[in-house]
Q: 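Below is the structure I would like to discuss, written out as structure tokens.
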2 protein chains.
Amino acid sequence: MLKVSRKSEYGLIALKYIWEKNSLCTAREISDNFFIPLENMAKILQSLTRAGLLSSVKGVQGGYRLARNPSEISIANVIEIIDGPIGIVDCETTQKTTCVQYCRGVCNIKKPLGKIQNKFKEFLNEVTLVDMV
Amino acid sequence: MLKVSRKSEYGLIALKYIWEKNSLCTAREISDNFFIPLENMAKILQSLTRAGLLSSVKGVQGGYRLARNPSEISIANVIEIIDGPIGIVDCETTQKTTCVQYCRGVCNIKKPLGKIQNKFKEFLNEVTLVDMV
DNA sequence: TAGAAATACGACTAAATTGGTCGTATTAAA
DNA sequence: TTTAATACGACCAATTTAGTCGTATTTCTA
């Protein structure tokens with residue numbers, strides 16, 4: 001269906017909430033507000049932290065805050081962190097050795113789709129948190 | 001990973017091949033040329049036929065040919081026929097009653113992503129077979 | 001200094017989606 | 001009438017994604 005995964009949606013929801021609140025937020029708080037399973041939310045926030053989009057404070061009174069300017073957090077960033085590389089087709093992204101057409105050298109759509117894919121990535125890179133108003 | 005399904009890839013490969021050959025092609029022929037499982041290829045061609053992108057000739061010496069001008073066959077067409085509606089997020093596409101955030105009225109990303117999604121669809125609608133050279 | 005509230009994270013299970021197969025029907029040319 | 005083709009629904013297998021569990025670590029506060 002060519003859609004963003006549920007997890008990335010959760011990530012975007014959380015980032016927007018954290019941005020708007022503009023102070024330390026806990027995983028539980030976001031989980032409660034948006035009916036997202038706590039453990040799942042926590043793991044996603046941890047991924048975003050590891051990737052440098054959020055910074056975290058451990059311990060009691062801890063939580064997460066944005067580690068970057070919201071105009072520097074693109075949808076593409078979020079999706080790539082949570083779902084892995086964006087690729088309309090994977091032959092051009094990951095050099096998949098599992099694509100029969102690629103391996104046999106018979107694929108007739110690789111190059112053109114590669115170009116289209118790059119345009120798409122550019123597009124997603126240009127849309128940032130601040131565009132999500 | 002936000003990628004087109006294998007089946008849609010098969011569909012695009014087939015359409016491009018049929019376009020370039022410019023005469024009746026059988027499912028077996030495409031299957032053989034591109035190492036695509038025959039039954040699978042056949043079903044995809046049938047879907048594209050039902051949707052009006054291809055026309056078919058039954059019986060011996062039968063096969064498929066384009067039913068439209070290649071400049072009128074967009075990538076979006078193909079994906080929607082094979083994978084179903086294109087939607088970065090599904091709240092804005094299918095009125096999914098399974099989205100908890102949507103149902104509880106707490107989703108903070110629905111509208112902005114809806115707009116972004118529309119742009120994306122426009123983009124995929126503008127890319128046609130003739131762009132896949 | 002103990003307990004509670006929080007992040008961190010790997011391993012696992014469950015659910016959903018997707019890819020592929022099978023069987024059977026239908027059509028039309030040779 | 002046989003054969004080569006499309007048509008199609010039902011089914012199974014594989015992969016991917018979502019969600020859970022257990023445990024460790026950090027740090028505030030009483």
Side-chain angles (χ1 to χ4, degrees), chain A residues 1-11 13-14 18 23-32 34-51 53-65 67 79 81-85 87 90 94 96 98-101, chain B residues 1-11 13-14 18 23-32 34-51 53-65 67 79 81-85 87 90 94 96 98-101:
Chain A
M1 208 236 215
L2 191 63
K3 69 176 214 297
V4 163
S5 74
R6 187 66 69 95
K7 288 184 182 178
S8 287
E9 283 183 29
Y10 290 165
I13 287 173
I18 293 170
S23 64
L24 227 48
C25 303
T26 68
R28 175 172 302 278
E29 176 186 350
I30 302 170
S31 157
D32 285 348
F34 296 98
F35 308 95
I36 297 167
L38 173 61
E39 285 304 316
N40 215 355
M41 183 77 268
K43 279 181 63 173
I44 290 163
L45 294 171
Q46 285 158 25
S47 300
L48 295 172
T49 304
R50 239 175 293 145
L53 266 56
L54 294 174
S55 65
S56 66
V57 177
K58 285 189 180 180
V60 176
Q61 305 292 348
Y64 300 91
R65 65 163 63 89
I79 295 174
I81 290 164
I82 299 174
D83 288 344
D90 34 40
T94 57
K96 275 228 171 174
T98 57
C99 175
V100 180
Q101 286 75 39
Chain B
M1 205 234 213
L2 192 64
K3 68 177 216 294
V4 162
S5 73
R6 185 68 68 94
K7 286 184 183 179
S8 287
E9 283 183 30
Y10 289 165
I13 287 173
I18 293 171
S23 64
L24 227 49
C25 304
T26 67
R28 175 172 302 276
E29 175 185 351
I30 303 171
S31 158
D32 285 348
F34 295 99
F35 307 94
I36 297 168
L38 174 60
E39 285 304 317
N40 215 356
M41 184 77 267
K43 277 181 63 172
I44 291 164
L45 294 170
Q46 285 157 26
S47 300
L48 295 173
T49 304
R50 237 174 296 144
L53 266 56
L54 293 174
S55 65
S56 66
V57 176
K58 284 190 181 179
V60 176
Q61 304 293 347
Y64 300 90
R65 64 163 63 88
I79 294 174
I81 291 164
I82 299 174
D83 288 344
D90 35 40
T94 56
K96 274 225 172 178
T98 58
C99 175
V100 179
Q101 287 75 38

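Heavy atoms only: backbone and side chains are in, while hydrogens, waters and symmetry mates are out. Throughout, a chain's letter reflects where its sequence line sits, starting with A, and its residues are numbered from 1.
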Q: Going through the distances and angles, do Ile44(B) and Ile36(B) end up as a side chain to side chain contact (heavy atoms under 4.5 Å, CB included)?
A: CA-CA 11 Å; Ile44(B) 291 164; Ile36(B) 297 168; 5.8 Å; no
Q: When you get a sec, tell me which of dG20(C), dG19(D), dA7(D) is the closest nucleotide to the side chain of Arg6(A)?
A: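 Taking heavy atoms from C-beta onward, the closest nucleotide is dG19(D).
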Q: Can you identify which nucleotide, out of dT26(C), dG19(C), dC8(D), has its nearest atom closest to the Lys58(B) side chain?
A: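 The closest nucleotide is dT26(C).
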Q: Using atom CG of Asn40(A) as one end and atom P of dT13(C) as the other, report the distance to the nearest whole Å.
A: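 Spelled out: CG on Asn40(A) to P on dT13(C) is 17 Å.
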Q: Which listed nucleotide (dG20(C), dA5(C), dA8(C)) is nearest to the side chain of Val60(A)?
A: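 Between dG20(C), dA5(C), dA8(C), the one nearest the side chain of Val60(A) would be dA5(C).
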Q: So Ala42(B), base contact, sugar-phosphate only, or nothing? Heavy-atom distance under 4.0 Å.
A: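 Since no nucleic acid heavy atom lies under 4.0 Å of Ala42(B), the category is nothing.
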Q: Report yes if the side chains of Ile82(A) and Val4(A) come closer than 4.5 Å at any heavy-atom pair, otherwise no.
A: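 No; the side chains remain at least 4.5 Å from each other.
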Q: Using a cut-off of less than 4.0 Å, is there contact between a side-chain N or O of Tyr10(B) and OP1 or OP2 of dG20(C)?
A: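 The answer is yes; a side-chain N or O of Tyr10(B) sits under 4.0 Å from OP1 or OP2.
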Q: Spell out yes or no: do the side chain of Gln46(A) and the base of dA8(C) have one donor N/O and one acceptor N/O closer than 3.5 Å?
A: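 Such a pair exists between side chain and base.
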Q: Could you state the NZ-C1' distance from Lys43(B) to dC22(C), rounded to the nearest angstrom?
A: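 So the NZ-C1' distance, Lys43(B) to dC22(C), works out to 10 Å.
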Q: Please evaluate residues Gln46(A) and Arg50(A) with respect to the criterion side chain to side chain contact (heavy atoms under 4.5 Å, CB included), reporting the C-alpha separation (whole Å), side-chain torsions for both, the decisive distance (0.1 Å), and the verdict.
A: CA-CA 6 Å; Gln46(A) 285 158 25; Arg50(A) 239 175 293 145; 4.0 Å; yes
Q: Take Val4(A) and Val57(A), find for each the nucleotide of DNA chain D with the closest heavy atom, and name the residue whose nucleotide sits nearer the 5' end.
A: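 So the residue in question is Val4(A).
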Q: How close or far is atom P of dA5(C) from atom CG of Asp32(A), stated in whole angstroms?
A: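 For the pair Asp32(A) CG and dA5(C) P, the rounded distance is 14 Å.
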Q: Between dT20(D), dT3(D), dA30(C), which nucleotide has the shortest distance from any of its atoms to the side chain of Gln61(B)?
A: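 Closest nucleotide to the Gln61(B) side chain: dA30(C).
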Q: Take Gly62(A) and Arg50(A), find for each the nucleotide of DNA chain C with the closest heavy atom, and name the residue whose nucleotide sits nearer the 5' end.
A: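 Its nearest nucleotide being more 5', the pick is Gly62(A).
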Q: Nearest to the side chain of Thr26(B), which nucleotide is it out of dG20(C), dA5(D), dT7(C)?
A: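 The closest nucleotide is dA5(D).
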Q: dT21(C) P sits how many Å from Ile36(B) CD1, rounded?
A: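 Taking atom P of dT21(C) as the reference, CD1 of Ile36(B) is at 12 Å.
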Q: Measure CD1/Ile44(A) against P/dT17(D) and give the value in whole Å, please.
A: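 Atom CD1 in Ile44(A) sits about 13 Å away from atom P in dT17(D).
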Q: Report yes if a side-chain nitrogen or oxygen of Tyr64(A) is closer than 4.0 Å to either non-bridging phosphate oxygen (OP1 or OP2) of dA8(C); otherwise report no.
A: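 Yes.
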Q: Kindly point out which of dT18(C), dA11(C), dT7(C) is positioned nearest to the side chain of Ser5(B)?
A: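 Nearest to the side chain of Ser5(B) among the choices is dT18(C).
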Q: For dA7(D), does either OP1 or OP2 sit under 4.0 Å from a side-chain N or O belonging to Ser56(B)?
A: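 Yes, within the criterion.
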Q: State the CD1-CG distance between Ile30(B) and Leu45(B), to the nearest 0.5 angstrom.
A: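 Taking CD1 in Ile30(B) and CG in Leu45(B), the distance rounds to 5.0 Å.
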Q: What verdict does the side chain to side chain contact (heavy atoms under 4.5 Å, CB included) test give for Val57(B) and Arg65(B), after you've listed the backbone C-alpha separation in whole Å, the side-chain angles of each residue and the deciding distance to 0.1 Å?
A: CA-CA 9 Å; Val57(B) 176; Arg65(B) 64 163 63 88; 4.0 Å; yes
Q: Could you tell me the separation between the CE atom of Met41(B) and the C1' atom of dC8(D), rounded to a whole number of Å?
A: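 Answer to the nearest Å: 16 Å.
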Q: Find the distance Ile30(B):CD1 to dA5(D):C1' and express it as a whole number of Å.
A: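 Rounded to the whole Å, the gap is 13 Å.
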Q: Rounded to the nearest Å, what distance is computed from the CD1 atom of residue Ile82(A) to the C1' atom of nucleotide dA18(D)?
A: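 After rounding, the gap between these two atoms is 13 Å.
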Q: Does a side-chain N or O of Thr49(B) approach OP1 or OP2 of dT6(D) to a distance below 4.0 Å, or not?
A: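 For Thr49(B), the contact criterion (side-chain N or O under 4.0 Å from OP1 or OP2 of dT6(D)) is not met.
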Q: Of all the choices, dA4(D), dT6(D), dG22(D), which nucleotide is nearest to the side chain of Glu39(A) once you look at every atom?
A: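 Closest nucleotide to the Glu39(A) side chain: dG22(D).
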Q: Just to be sure I understand the rule, does Arg28(A) reach a base, reach only the sugar-phosphate, or reach nothing, if contact means heavy atoms closer than 4.0 Å?
A: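 If one applies the 4.0 Å heavy-atom cut-off, Arg28(A) turns out to touch nothing in the nucleic acid.
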Q: State whether the side chain of Ser31(A) and the backbone N or O of Pro37(A) hold a donor-acceptor pair below 3.5 Å, judged by distance alone.
A: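 Flag not set: sc Ser31(A) to bb Pro37(A) has no pair under 3.5 Å.
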